Amino acid sequence: MSSDDLGPRTLPATQRQRRAWRKLASTYDQKMDRTERRLLAGTREWIGRRASGRVLEVAIGTGRNLSHYDRGVSVTGVDLSPEMLAIARRRAAELGRAVELLEGDAEALPFDDASFDTIVCALALCSIPRAGTAVREMARVVRPGGSVLLVDHIGSTWPPIYAGQWLIERFTIATEGEHLTRRHVNEARSAGLQIVERERLQAGMVERIRATRPG
């Protein structure tokens, strides 16, 4: 198995995305500092207030949400990039927080059905090759009655901004696998999840969704 392959079932698009995130890991936090100040103020706090019990964070990246989880929750994180996970481990150690961090694919989560109380996926569905497949996996591993928290940048409700996003993603999809105009609410519904909370911010460019798996 090569260092860029998670196993025989790993698809080429996932391998490309893994390579991209391995390259971006060292500069990711610096980039996100700027983005969060402009677009995402309060978003990680929003996640932390809604996460409870046994929490799985899909595409945990460098662990930027860790400081916002209540001390009473148990956190497991999965990410494609070992470099991202190394930064997340350092962050967890600095916070004095025990976190289980695993290398894995959001489209094939290595957990049994109904294993978690809360699933979190923040700012990652924009770059997961088959976002709908990933959401179905989240719906599979959350327990009945549990919450799935999805936060991402999406296509704006304002046509001039949307047009600019569409033009920019002609470049970002090819270079980083990053989509700027995706929408995830219908993927959540198609996965059998019930939307219980939803809001769009920043000219509709940021969406926060809390969904539940019906009991």
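For clarity, every value in this text was computed on a predicted model and none was experimentally measured.
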> Does the pair Ser115 and Arg143 meet the rule for a side chain to side chain donor-acceptor pair (under 3.5 Å), with working shown?
Replying inline: CA-CA 6 Å; Ser115 293; Arg143 65 166 175 81; over 6 Å; no
> Can you check side chain to side chain donor-acceptor pair (under 3.5 Å) on Thr43 and Arg208, steps first, answer last?
Replying inline: CA-CA 8 Å; Thr43 290; Arg208 300 171 180 172; 3.1 Å; yes
>> Let me check something: do Leu149 and Ile128 share a hydrophobic cluster, defined by ILVMFWY side-chain heavy atoms less than 4.5 Å apart, either directly or through other members?
In response: no
> Is a side-chain donor or acceptor of Arg213 paired with a backbone partner of Val142 at a separation under 3.5 angstrom?
Replying inline: yes
>> Checking Arg140 now: which residues fulfil salt bridge (charged side-chain N to carboxylate O under 4.0 Å, His left out) with it, not counting sequence neighbours?
In response: Asp113, Glu137
> To the nearest 0.5 Å, how far apart are OG1 in Thr76 and CG in Leu101?
Replying inline: 8.5 Å
> Can a salt bridge be assigned to the pair Arg64 and Asp33 using a cut-off of 4.0 Å between side-chain N and carboxylate O?
Replying inline: yes
> Can you list the residues that meet the salt bridge (charged side-chain N to carboxylate O under 4.0 Å, His left out) rule with Glu207, with sequence neighbours excluded?
Replying inline: Arg183, Arg198
>> I need the minimum non-hydrogen distance between Ala114 and Pro144, along with the two atoms involved.
In response: CB-CD, 4.1 Å
> What's the shortest heavy-atom distance between Ala174 and Arg170, and which atoms?
Replying inline: CB-O, 4.0 Å
> For Gly61, does its backbone N or O pair with a side-chain atom of Asp79 as donor and acceptor, under 3.5 Å?
Replying inline: yes
>> If you count every heavy atom of other residues, nucleotides or ligands that lies below 6.0 Å from Gln30 atom CD, does the total exceed 12?
In response: no
> Quick one: do Phe116 and Leu150 end up in the same hydrophobic cluster if we chain Ile, Leu, Val, Met, Phe, Trp and Tyr together by side-chain heavy atoms under 4.5 Å apart?
Replying inline: yes
> Are Val78 and Val135 connected in the hydrophobic side-chain network, where two residues link if heavy atoms are under 4.5 Å apart?
Replying inline: yes
>> For Pro129 versus Arg182, what's the shortest heavy-atom pair and its separation?
In response: O-NH2, 3.1 Å
> Just how far is it from atom CE of Met205 to atom OG1 of Thr181, taken to the nearest 0.5 Å?
Replying inline: 13.0 Å
>> Looking only at side-chain N and O atoms, does Ser52 offer a donor or acceptor that is under 3.5 Å from a partner on Asp117?
In response: no
>> Assigning hydrophobic clusters by single linkage (Ile, Leu, Val, Met, Phe, Trp, Tyr; side-chain heavy-atom cutoff under 4.5 Å), is Leu85 placed with Tyr69?
In response: yes
> With Glu187, which residues qualify under side-chain hydrogen bond (donor to acceptor under 3.5 Å, both in side chains), at least two apart?
Replying inline: His184
> What side-chain hydrogen bond (donor to acceptor under 3.5 Å, both in side chains) pairs are there with at least one residue in residues 144-155, not counting sequence neighbours?
Replying inline: His153-Glu178
> Residues two or more places apart in sequence or in another chain: which of them pass salt bridge (charged side-chain N to carboxylate O under 4.0 Å, His left out) with Arg89?
Replying inline: none
> What's the shortest heavy-atom distance between Ala25 and Ile87, and which atoms?
Replying inline: O-CD1, 3.5 Å
>> If the condition is side-chain hydrogen bond (donor to acceptor under 3.5 Å, both in side chains), which residues does Asn65 pass it with, not counting sequence neighbours?
In response: Arg44, Glu57
> Is it true that a side-chain atom of Arg50 and a backbone atom of Trp46 form a donor plus acceptor pair closer than 3.5 Å?
Replying inline: yes
> Do you see a donor-acceptor pair shorter than 3.5 Å between the side chains of Thr14 and Arg130?
Replying inline: yes
